[in-house]
Amino acid sequence: MQYDNPQALLDHAQSFAGSTLGELCERYKEQVPQQLLHKKGWVGQFIEMILGATSGSLAQPDFPDIGVELKTLPIDEQGRPLESTYVSVVPLIDIQGLCWENSVVRHKLMHVLWVPIVASREIPIEKRQIAMPFLWQPSVEQEQTLKQDFEDILDHVSMGGIEQVDARLGEILQVRPKAANSKALTDAIGPDGSTIKTLPRGFYLRPQFTKHCLQQYFTETQV
DNA sequence: CCGTGATCATTT
DNA sequence: AAATGATCACGG
């Protein structure tokens, strides 16, 4: 499905507010998984499906025509994020000339449709409720911090220091493993420009940051 | 294996 | 409890 503008997508997404995953699954003839251990990406893929996202596993926003990235966000009953938010893989080789302005992470984060879902672990999956979806764009200050984080991380990577990068680096963006398991290795720049094998990494948004985005929205709208 | 969708499990 | 590191599934 294509949308003329972000507002049309937002309207569609907000029409699901208050529904449970069980209700939506019944409507769309899907089966609700009993647990997510072996279906970790199911919620995100299901919401993509009912909203008509088309990008699949391409490294670009979910709705390229309108430049909007879709992210489900698990929250507790108090509206606090339960997890970090994956954004994209961290490029580890061929990064000469790669800058914030033309990065995948920036293109995805320029405009995000957040779909919060009350998803505390004790709530059965079919009873988890869609909260109010909202559109978000980084402020000038937020983009500056994101850019700083991105450049700090890529500086380490380009200098052969990926092994020195851990989840503590970055104010908003952090770097964590992103792999099938610890045996899935990929090429990276090593000391003195050598090539080494290392765990694939991903950029993630810290929960404290997405918490701030939620608070900002719910303060503005007083919902 | 890569990049997408994330949550799980262990450590702090 | 929160943060960090590890893992699961799928299409290409």
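Chain naming here is simple, since letters A, B, ... match the order of the sequence lines and numbering starts at 1 in each.
Here the two rings, on Trp114(A) and Phe218(A), have centers that are 6.0 Å apart or farther.
Here Glu30(A) contributes atom CD and Trp42(A) contributes atom CH2; the two are 7.5 Å apart, rounded to the nearest 0.5 Å. Rounded to the nearest 0.5 angstrom, Phe209(A) CZ and Glu171(A) CD are separated by 9.5 Å.
Contacts between residues 71-99 of chain A and DNA chain C, defined by a heavy-atom separation under 4.0 Å, are absent.
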**Report entry** nucleotides 6-12 of chain C: protein proximity per nucleotide (B base, S sugar-phosphate only, - neither; heavy atom, under 4.0 Å)
**Finding:** BBBS-B-
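The footprint of chain A on DNA chain B, defined by a heavy-atom cutoff below 4.0 Å, extends from dC1(B) to dA9(B).
Contact annotation for Gln35(A): no contact, since no heavy-atom pair falls under 4.0 Å across all strands. No contact: Lys197(A) has no heavy atom under 4.0 Å from any strand. Among the heavy atoms of the strands lying under 4.0 Å from Arg121(A) is at least one base atom, whether or not backbone atoms are also near.
If you measure from atom CD of Gln164(A) to atom P of dG5(C), you get 13 Å, rounded to the nearest angstrom. Whole-Å rounding puts the Arg168(A) CZ to dG5(C) C1' distance at 11 Å. Between the CG atom of Leu173(A) and the P atom of dT4(C) there is a distance of 14 Å, given to the nearest Å.
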